[in-house]
Amino acid sequence: MQMSNRITAFQCSPIRRLSPYARDAVRRGVKVYHLNIGQPDIKTPPQVIEAVQQYDHSIIAYGNSEGLQELREALPLYYKKYGLNVDSEDILVTTGGSEALQFAFMTLCDPYDEIIIPEPYYTNVASFAHSAMVNLVPVTSKMEEGFSLPDISEFEKRITRKTGAILLCSPNNPTGHVYTKDELLQLLQLCEKHDIFLIVDEVYREFCYDGKEFTSILSFEEFSDRIICVDSFSKRYSMCGSRIGALVSKNKEVLEHALKLAQARLCPPDIEQVAACAALKTDDSYLCEVRSEYERRRDFIVNALKKIDGVKVGNPKGAFYLVAELPIDDAERFATFMLQDFDLNGETVMVAPCEDFYVTEGLGRRQVRIAYVLNTDDLAKAAACIEAGLKAYRSQVMGL
Ligand SMILES: Cc1ncc(COP(=O)(O)O)c(C=O)c1O
């Protein structure tokens with residue numbers, strides 16, 4: 001029987017599609033260090049787990065499509081800590097930041113409309129765009145420029161009648177770039193000039209390093225009507241499996257229309273929203289400690305990778321990813337080789353090949369995304385595997 005052309009053309013996520021090879025490696029007794037996925041090993045705050053254990057409703061009922069009122073009322077207090085003025089009515093609770101991105105695309109774009117995005121980008125955005133039949137129009141950011149914002153004229157050149165929005169992610173997955181206040185302002189002015197929206201995915205808001213201050217798009221109140229902020233509890237409180245996020249906007253029309261999508265999916269998960277309320281009561285010291293831990297890991301893995309012959313590393317300033325360029329021909333083949341044909345004393349690594357983090361054909365072929373979500377002891381072992389794996393791949397596969 002026939003499957004849709006849409007689903008046949010859908011990508012298998014480069015973050016997950018090599019998982020069967022990883023499972024085979026584990027079956028062979030090989031330990032796999034997972035640097036492919038942003039699944040932190042950081043403990044979820046204990047009160048989140050307690051809130052789930054103490055959930056005492058006799059029926060797990062449907063809730064409001066907008067989200068649990070208690071959560072919508074607690075979130076503005078969280079934003080207030082950062083000096084951001086968000087009201088509960090500006091918030092639509094979503095099933096993860098993923099759903100917020102999908103709602104934003106569906107709300108702003110018709111089929112074949114366009115969203116302009118710096119590449120490399122969070123690869124699942126391509127899948128969300130594909131589902132909404134939206135075309136991603138890339139502006140390439142370059143490793144040698146620290147993946148900073150390309151010249152604003154590059155964005156302007158790409159704006160057409162079909163452009164619905166520009167989408168940014170800050171701190172960025174996969175590059176680790178944190179957009180400056182000035183970069184955000186330039187983009188907002190451009191959006192204003194062409195009357196389009198700016199969507200900013202801030203799910204890594206707290207993870208900024210080197211003492212750098214993070215600028216949230218929500219702080220630009222004079223442009224608030226054309227701003228959509230995507231948020232999530234997943235990484236902040238290491239509760240990725242809870243699937244709670246938010247679409248935040250001061251634009252009432254956006255929220256009214258997005259609510260229709262929210263009503264169709266009925267409500268976000270109830271128990272998890274109760275857990276999210278508990279997460280918001282977490283002491284600020286938790287996030288400070290988590291940030292320091294990631295910064296330590298960032299320093300460690302960047303240094304370890306830079307010592308490997310032929311490896312170039314971006315300049316990550318936030319989130320918990322980096323893009324590394326490897327002295328190889330094809331990152332997908334290398335990543336597969338690492339899982340299928342290689343181990344160092346019974347250990348190997350899984351990385352995410354970067355080609356599908358780009359729209360532009362051919363870019364990212366020698367790049368991998370590394371998520372530094374493991375402790376430094378494991379990162380040291382993983383870096384040793386990458387070094388030995390590169391030597392083995394270059395000699396066995398590339399014949400060098
Ligand atoms: C940039 C970015 N946005 C959104 C998401 C989706 O997060 P959630 O778990 O909230 O759906 C991720 C997950 O890795 C991400 O990296």
Side-chain angles (χ1 to χ4, degrees), residues 34 37-100 171 173 201-209 214 216 218 229-248 267-297 318-320 371-376 378:
H34 283 272
I37 189 161
Q39 172 52 63
D41 65 352
I42 304 280
K43 288 258 183 303
T44 310
Q47 69 269 26
V48 174
I49 309 290
E50 279 158 28
V52 174
Q53 286 163 343
Q54 286 164 13
Y55 183 87
D56 64 354
H57 299 215
S58 54
I59 299 172
I60 306 171
Y62 287 131
N64 292 335
S65 297
E66 294 90 334
L68 197 68
Q69 196 51 24
E70 190 189 343
L71 181 56
R72 291 176 77 220
E73 278 169 17
L75 271 165
L77 300 174
Y78 157 81
Y79 290 113
K80 204 168 170 203
K81 284 192 202 168
Y82 298 97
L84 304 172
N85 163 29
V86 175
D87 299 321
S88 56
E89 303 83 67
D90 307 333
I91 299 168
L92 186 62
V93 179
T94 53
T95 308
S98 305
E99 191 178 59
N173 172 7
D201 178 337
E202 296 187 358
V203 309
Y204 299 97
R205 182 178 297 120
E206 277 80 5
F207 306 141
C208 280
Y209 313 129
F214 171 72
S216 170
L218 295 169
C229 181
V230 169
D231 216 338
S232 169
F233 283 74
S234 290
K235 319 288 174 164
R236 186 168 304 142
Y237 300 107
S238 196
M239 47 192 288
C240 297
S242 285
R243 316 302 312 124
I244 301 297
L247 182 150
V248 182
C267 69
D270 192 62
I271 303 176
E272 279 78 0
Q273 290 184 88
V274 171
C277 289
L280 290 177
K281 295 188 185 122
T282 305
D283 195 86
D284 291 347
S285 60
Y286 173 87
L287 286 174
C288 287
E289 280 161 30
V290 174
R291 179 186 16 248
S292 306
E293 177 59 21
Y294 283 133
E295 186 162 0
R296 211 170 16 253
R297 293 174 181 192
F320 42 60
Y372 43 94
V373 287
L374 306 180
N375 64 62
T376 46
D378 286 350

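The basis for the numbers below is simple: all heavy atoms, side chains too, and nothing from hydrogens, waters or symmetry mates.
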Study note, to complete from the structure: Closest heavy-atom pair, Tyr294 versus Pro40, reported as atoms and distance to 0.1 Å, is OH-CB, 3.0 Å
Check your understanding: Which distance, rounded to the nearest 0.5 Å, do you find between the SG of Cys229 and the CG of Leu84?
Key -> 8.5 Å
Review point. With side chains defined as the heavy atoms from C-beta onward, is the minimum distance between Glu289 and Ser292 less than 4.5 Å?
Key: no
Practice item. Check Pro76 against Asp87 and note the closest heavy-atom contact, atom names and distance. Key: CG-C, 3.8 Å
Point to revise | Sequence neighbours excluded - salt bridge (Lys or Arg N to Asp or Glu O under 4.0 Å) pairs with any residue from residues 64-83 | key: Lys81-Asp284
Check your understanding: Got a sec, which residues hit side-chain hydrogen bond (donor to acceptor under 3.5 Å, both in side chains) with Ser234, two or more places apart in sequence or on another chain?
Key -> Ser232
Exercise for review: Find the distance between CD1 (Ile244) and CD (Gln273) and round it off to the nearest 0.5 Å.
Suggested key: 4.5 Å
Check your understanding: Rounded to the nearest 0.5 Å, what separation is found between the SG atom of Cys267 and the CG atom of Asn64?
Key -> 8.5 Å
Review point. What do the steps show when you test Tyr79 against Asn85 for side-chain contact (heavy atoms from CB on, under 4.5 Å), and what is the final call?
Key: CA-CA 7 Å; Tyr79 290 113; Asn85 163 29; over 6 Å; no
Distance-only check: which donor-acceptor pairs under 3.5 Å involve side-chain atoms of residues 48-62, not counting sequence neighbours?
| unit_1 | atom_1 | unit_2 | atom_2 | d |
| --- | --- | --- | --- | --- |
| Tyr55 | OH | Asp270 | OD2 | 2.5 |

Point to revise | Worked check of side-chain contact (heavy atoms from CB on, under 4.5 Å) between Phe207 and Val290 | key: CA-CA 8 Å; Phe207 306 141; Val290 174; 3.7 Å; yes
**Study point:** Of all pairs that satisfy salt bridge (Lys or Arg N to Asp or Glu O under 4.0 Å), the ones with a partner from residues 230-243, not counting sequence neighbours
**Key:** Arg205-Asp231, Glu206-Arg236, Asp231-Arg236
Point to revise | Residues which pass ring-ring contact (aromatic ring centres under 6.0 Å, His included) with Phe233, listed by chain and number, not counting sequence neighbours | key: Tyr237
**Study point:** Pair Tyr204 + Phe320: ring centers closer than 6.0 Å
**Key:** yes
Pairs of donor and acceptor atoms involving the side chains of residues 91-100, under 3.5 Å and at least two apart or interchain, shall be tabulated with distances.
| unit_1 | atom_1 | unit_2 | atom_2 | d |
| --- | --- | --- | --- | --- |
| Thr94 | OG1 | Gly96 | O | 2.8 |
| Thr94 | OG1 | Gly245 | O | 3.3 |
| Thr94 | OG1 | Ala246 | N | 3.0 |
| Thr95 | OG1 | Glu99 | OE1 | 3.3 |
| Glu99 | OE1 | Thr95 | N | 2.8 |
| Glu99 | OE1 | Arg265 | NE | 3.0 |
| Glu99 | OE1 | Arg265 | NH2 | 3.1 |
| Glu99 | OE2 | Arg265 | NE | 3.2 |

**Study point:** Closest approach of Ser238 to Tyr286 (non-hydrogen atoms, all atoms of both residues)
**Key:** CB-OH, 3.9 Å
Study note, to complete from the structure: For Thr282, the side-chain hydrogen bond (donor to acceptor under 3.5 Å, both in side chains) test, sequence neighbours excluded, returns Gln47
Review point. Which pairs, with at least one residue in residues 88-97 and sequence neighbours excluded, count as a salt bridge (Lys or Arg N to Asp or Glu O under 4.0 Å)?
Key: Asp90-Lys250, Asp90-Lys252
**Study point:** Pairwise side-chain contact, Pro171 with Tyr209, heavy-atom cut-off 4.5 Å (strictly under)
**Key:** no
Exercise for review: Would you please name every residue forming a side-chain hydrogen bond (donor to acceptor under 3.5 Å, both in side chains) with Ser216, sequence neighbours left out?
Suggested key: Glu202
**Study point:** Partner residues of Asp41 under the side-chain hydrogen bond (donor to acceptor under 3.5 Å, both in side chains) criterion, sequence neighbours left out
**Key:** Arg297
Practice item. Name all residues meeting the salt bridge (Lys or Arg N to Asp or Glu O under 4.0 Å) criterion together with Arg296; count only those two or more places apart in sequence or in a different chain, and write none if there are none. Key: Glu293
